[in-house]
Amino acid sequence: VLAVHGHSDSVYYSTDCLERKGRKLKADLILYGHTHIAKKTETSSSLMVNPGSISLPRGGLPPSFAVVDIADGKDNMSVTFYKIEIFGSSVQYEPFIPKDASLWW
């Protein structure tokens, strides 16, 4: 597992650098942030996950977090994103599928 913030890997522009780093380190799972945009990308060598942001989401996405299930091993990992909804003093979590979003459009 490779977990990084992402700012040193230029993830604002592309995840190519991060993917190369993951391949070099033989990471099956890459967790990153910095963009505040929930996203899952499956590459030939790894699963890349950005959980989004619970406080400052971007790209028109809701506040979110992600749960990665690796119980069945690296060949069968799954990701569930949850959007956070606040109703008065009540907080609810609901699974959702992030839309394709960008900082640039």
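Just the heavy atoms: all of them, side chains too, but no hydrogens, waters or symmetry mates, feed the values below.
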- Query: What is the minimum heavy-atom distance between Ala66 and Pro51, and which atoms define it?
  - Reply: N-CB, 3.7 Å
- For Leu25, look at atom CG and say whether over 12 heavy atoms of other residues, nucleotides or ligands are found less than 6.0 Å away. yes
- Examine Val49 and Val67 and state if one hydrophobic cluster contains both, with Ile, Leu, Val, Met, Phe, Trp and Tyr joined whenever side-chain heavy atoms are less than 4.5 Å apart. no
- Task: Drop me the distance from Glu19's CD to Ser46's OG, to the nearest 0.5 angstrom.
- Result: 6.0 Å
- Heavy-atom pair of closest approach, residues His34 and Arg58: O-NH1, 3.4 Å
- Task: Consider only side-chain heavy atoms of I, L, V, M, F, W and Y, link residues closer than 4.5 Å, and tell whether Ile37 and Tyr13 are in one cluster.
- Result: yes
- Task: Please name the pair of heavy atoms, one in Gly33 and one in Asn50, separated by the smallest distance, quoted to 0.1 Å.
- Result: O-ND2, 3.4 Å
- Task: Look at the side-chain heavy atoms of Ile, Leu, Val, Met, Phe, Trp and Tyr, link any pair under 4.5 Å apart, and say whether Tyr32 and Tyr12 land in one connected group.
- Result: no
- Mind checking the NZ-OG spacing from Lys39 to Ser64? Nearest 0.5 Å is all I need. 13.5 Å
- Message: When you measure from the side chain of His36 to the backbone of Leu56, do you find a donor-acceptor pair of N or O atoms at a distance under 3.5 Å?
- Response: yes
- Stepwise side chain to side chain contact (heavy atoms under 4.5 Å, CB included) check, Asp69 with Thr80: CA-CA 8 Å; Asp69 183 359; Thr80 304; over 6 Å; no
- Thr43 and Ile30, any side-chain heavy atoms less than 4.5 Å apart: no
- Given the rule that I, L, V, M, F, W and Y join up when any side-chain heavy atoms are under 4.5 Å apart, are Ile70 and Leu31 in one cluster? yes
- Query: Leu47, Phe81: one ILVMFWY side-chain cluster at the under-4.5 Å cut-off?
  - Reply: yes
- Message: Angle between ring planes, Phe65 versus Tyr82, binned at 30° and 60°: parallel, tilted or perpendicular?
- Response: parallel
- Can you tell me how far NZ of Lys21 sits from CG of Leu2, rounded to the nearest 0.5 angstrom? 6.5 Å
- Which heavy atom in Lys83 sits nearest to a heavy atom in Pro62, and how many Å separate them? CB-CG, 3.6 Å
- Query: How long is the gap from OG1 on Thr15 to CE on Met48, to the nearest 0.5 Å?
  - Reply: 4.0 Å
- Identify which one of Ser55, Pro57, Ser53, Pro63 satisfies the side-chain contact (heavy atoms from CB on, under 4.5 Å) criterion when paired with Ile84. Pro63
- Side chain to side chain, Lys24 and Arg20, heavy atoms closer than 4.5 Å: no
- Task: For the pair Ser45 (side chain) and Ala27 (backbone), establish whether a donor and an acceptor sit closer than 3.5 Å, ignoring hydrogens and angles.
- Result: no
